[in-house]
Amino acid sequence: MAAEDGTAQEYVPQKKNKEPTETEKRRKKIVPGSLMKAEIRPGGGDARPADGDQVIYHCTVRTLAGVVVESTRSEYGGKGNPIRQVMGKSKMLLGLLEGLPTMLRGEVAMFKMKPQMHYSEADCPVSPPSSFPRDDELHFEIEMIDFSKVKVVSDDLGVIKKVIDEGQGWESPREPYEVKAWISAKTGDDKVILSPKQGEPYFFTIGKSEVPKGLEMGIGTMTREEKAVIYVTNQYLTESPLMSVVGLEEVQFEVELIHFTQVRDMLGDGRLIKRRLRDGKGEFPMDCPLQDSLLLVHYKVMLLNEEKTVVIDTRIDNDGQPMEFSSGEGLVPEGFEMCVRLMLPGEVALVTCPPDYAYDKFTRPANVPEGAHIEWEIELLGFEMPKDWTGLDFQGVMDEAEKIRTTGNRLFKEGKFELAKAKYEKVLREFNHVNPQDDEEGKVFLNTRNLLNLNVAACHLKLGECRKSIETCNKVLEANPAHVKALYRRGMAYMEVGDFEEARSDFEMMLKVDKSSELDATAALKKLKQKQQDVEKKARRQFKGLFDKKPGEIADAGTDDRGEEESTSENQKNGDQEDSNGTDTEDVEDVADEPREGLFSRLWPTGRRLFSALGLQRCAIL
């Protein structure tokens, strides 16, 4: 907006008023003279506690006459354990909140507090002990033992970690990693309750309750070679083989994390386990193989029997030559590829694999029996990243696309629909960066993209994802509403979910736009009619006799009619045979799975609402 003198006015954004924190609101209550400090013993250094610091201090409260009201010190009747709090996070008296940040390490000071600076503060977050003179002016003698930056592990401050020596890397152990660490423990008054074992560190598995819960939580934030003190309060001191924690209020664990072995439960059910035996080079997971990488590995196949029989060892059986394969192409068992893609170059891993992810669904070596559990020892020697399409001309891009599409078609015919879909979708993502330069290139590009989308739709259909198949076909039909193959595939998807009218509309449209598709469209319409009849028969059988009973009798829907079921099954089989001779789209097969959505609701939607209104959710009426 121009000013009256013709010069432009500079826009200055208005600062929003920041809502004061609870601490700031409390500090506004302080009035002059309500908190006085006298130094008894000077401290050392220049540093003072700040927000986020853990403070450790002894506190003795006296009346102005010198009578001790309460104390942490054993000589005054306390337990001898100093107070440990985190500035800005722990609940504190207002006088301490204001006074502690003024102290140096090792300093002893006396704070004289008016009642409103301790327990008589309005809305004080700390409850006073029983019979505490909350309305009296009191002396708080504080000895600042130590303060330091800490990591709050649990929100309730029950587990706090103080780093002594920084570790290496970024990775921390988690369930079910295997950990080696030197561990010692003492109480808050420095009484040693656990000394490290001589000769070897303590070995345990995260998630198996082999150390107290709070200690495990703290170690879960550490990195290799890190040294730290982990403060754990009693609610996180669970019993474990490491030590007894009965009667302990708080324990300080000193931990040096020597090493941990990365253990991954690949399926989440304990059946497929990857255990790292030797670290690789690089950063995990940034330097792991991607989809379509060319991998070079040595591996050993062992049976999980008492002898650990070695079936294959590429260092011996393959003339010492490693195996080379491309990821994402179904060239190795699924469990093998899942694990090797989470490895770094040079890493050695031991993989325990169930039969269904090993060789029961893959070409089985001669000496591996059916249903065998397998152990692989895998060494990833290295890998090549997938080819970068940047800088390729249009023909180069299309050649690369055709190679990947051909691989996808092979995977589809092998029944590996997820892998096939991933190949087609990879090319479609790359196509987002392709710009044809003329009409001829535009035509080739559009045809290829349509073909890939229809292949993706076929994969969705095989995987039972009919709605996704319909959405993918719509992408083709938005650009070309008369695309016969897209109409056919979408019609098949509509038929599978029971949208018979939409399916009929697509098949009839095929007849209108392309006479050469008459054979396929007619066969599809015949199958649609048969499927609709099967649904109607099933519904009649299900609700047979529902309204024929007299009052007081029960009519159960869904009588068993074997004859009709066998007839339906036979018709379905015949329909599938007809479909297999239909439109052969993009080198992949069409699908005809069982319908997946409600039958009765499609035949009689108002009837479903009627039964629901009567409170009859099941097909039985009294």
Side-chain angles (χ1 to χ4, degrees), residues 262 264 266 272 274 276-301 312-351 353 357-359 361-363 365 374 376-393 395-431 433-434 452 455 459:
Q262 186 192 75
R264 291 189 175 274
M266 304 297 294
L272 178 58
K274 172 185 174 288
R276 181 188 287 171
L277 301 182
R278 187 180 75 198
D279 292 341
K281 297 178 181 178
E283 290 293 329
F284 179 88
M286 291 75 75
D287 295 319
C288 294
L290 300 173
Q291 183 90 345
D292 303 317
S293 295
L294 184 64
L295 292 88
L296 198 65
V297 301
H298 268 306
Y299 71 98
K300 187 188 296 183
V301 181
I312 298 173
D313 188 342
T314 56
R315 296 183 185 276
I316 300 173
D317 303 327
N318 199 33
D319 297 325
Q321 296 300 310
M323 177 178 68
E324 185 178 83
F325 70 97
S326 293
S327 60
E329 296 190 4
L331 300 175
V332 294
E334 186 176 358
F336 189 101
E337 179 161 333
M338 286 173 66
C339 293
V340 80
R341 286 182 60 184
L342 291 180
M343 295 176 67
L344 294 168
E347 179 181 334
V348 177
L350 191 67
V351 176
C353 186
Y357 281 82
Y359 293 109
K361 296 181 180 178
F362 196 78
T363 304
I374 295 297
W376 287 300
E377 185 179 298
I378 307 170
E379 179 182 1
L380 176 60
L381 302 175
F383 63 91
E384 293 180 12
M385 299 287 283
K387 186 172 182 179
D388 187 0
W389 290 17
T390 304
L392 293 179
D393 59 14
Q395 189 56 48
V397 168
M398 301 312 293
D399 290 343
E400 290 297 320
E402 182 58 24
K403 289 178 187 176
I404 298 175
R405 191 184 75 86
T406 301
T407 302
N409 291 349
R410 173 181 64 79
L411 292 168
F412 187 96
K413 291 173 182 176
E414 292 173 359
K416 300 170 182 176
F417 306 120
E418 284 286 3
L419 292 176
K421 180 164 69 72
K423 293 295 181 185
Y424 302 139
E425 289 176 338
K426 171 184 168 60
V427 181
L428 287 169
R429 285 194 301 273
E430 294 288 350
F431 273 13
H433 310 290
V434 176
L452 289 163
N455 284 359
C459 292

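These numbers were taken from a predicted model, which means no experiment stands behind them. Only this structure's heavy atoms are used, side chains among them; waters, hydrogens and symmetry mates stay out.
- For the atom pair Glu337 CD and Leu295 CG, the distance stands at 8.0 Å (nearest 0.5 Å).
- Side chains of Ile312 and Pro365 form a contact here, defined as non-hydrogen atoms less than 4.5 Å apart.
- Side-chain atoms of Leu381 and Pro345, non-hydrogen and from C-beta on, never get closer than 4.5 Å to each other.
- Remark: Lys300 engages no residue in a salt bridge (Lys or Arg N to Asp or Glu O under 4.0 Å) (not counting sequence neighbours).
- The NZ atom of Lys403 sits 13.0 Å away from the NZ atom of Lys423 when rounded to the nearest 0.5 Å.
- In this structure, Phe336 and Cys353 have side chains that are not in contact, with every pair of non-hydrogen atoms separated by 4.5 Å or more.
- Residues Asn409 and Tyr424 form a side-chain contact, since some pair of their non-hydrogen atoms from C-beta on lies under 4.5 Å apart.
- The shortest non-hydrogen separation linking Gly335 to Trp376 is C-CZ3, 3.9 Å.
- Between Ile374 and Tyr359, the closest heavy-atom pair is CG1-CD1, 3.9 Å.
- In this structure, CE on Met343 lies 14.0 Å from CG on Asp287, to the nearest 0.5 angstrom.
- Shown here is Glu384, whose CD atom has no more than 12 heavy atoms of other residues, nucleotides or ligands within 6.0 Å.
- Two residues are said to be in side-chain contact when any heavy atoms from C-beta on lie closer than 4.5 Å; Thr407 and Arg410 meet this criterion.
- Note that CD of Glu324 is 11.0 Å distant from CG of Leu331, once rounded to the nearest 0.5 Å.
- Electrostatic pairing of Glu400 and Lys387 counts as a salt bridge here, judged by a charged N lying under 4.0 Å from a carboxylate O.
- Interatomic distance, Glu425 CD to Asn455 CG, rounded to the nearest 0.5 Å: 11.5 Å.
- Atoms CG and CE, on Leu342 and Met266 in that order, are 4.5 Å from each other to the nearest 0.5 Å.
- With contacts defined as side-chain heavy-atom distances shorter than 4.5 Å, the pair Arg276/Phe284 qualifies.
- Across every non-hydrogen atom of Gly330 and Leu411, the tightest pair is N-CD2, 4.1 Å.
- The pair Glu334-Lys416 does not count as a salt bridge, with every side-chain nitrogen at least 4.0 angstrom from each carboxylate oxygen.
- Between Val427 and Arg405, every side-chain heavy-atom pair lies at or beyond the 4.5 Å cut-off.
- Between Pro289 and Leu380, the closest side-chain pair of non-hydrogen atoms falls below 4.5 Å.
- When every heavy atom of Cys339 is checked against every heavy atom of Lys274, the shortest pair comes out as O-CE, 3.6 Å.
- Using a distance-only test at 3.5 Å, with no hydrogens or angles considered, a donor-acceptor pair links the side chain of Ser327 to the main chain of Asp292.
- Between Leu419 and Gly328 the shortest heavy-atom distance is CD2-O, 4.1 Å.
- Side-chain N or O atoms of Asp388 include one that pairs as donor or acceptor with a backbone N or O of Thr390 at under 3.5 Å.
- Among Val340, Leu296, Leu294, the single residue meeting the side-chain contact (heavy atoms from CB on, under 4.5 Å) criterion with Phe325 is Val340.
- Here the shortest heavy-atom pairing between Phe431 and Val397 reads CE1-CG1, 4.2 Å.
- Although no hydrogens or angles enter the test, the distance criterion places a donor-acceptor pair under 3.5 Å between the side chain of Thr314 and the main chain of Tyr299.
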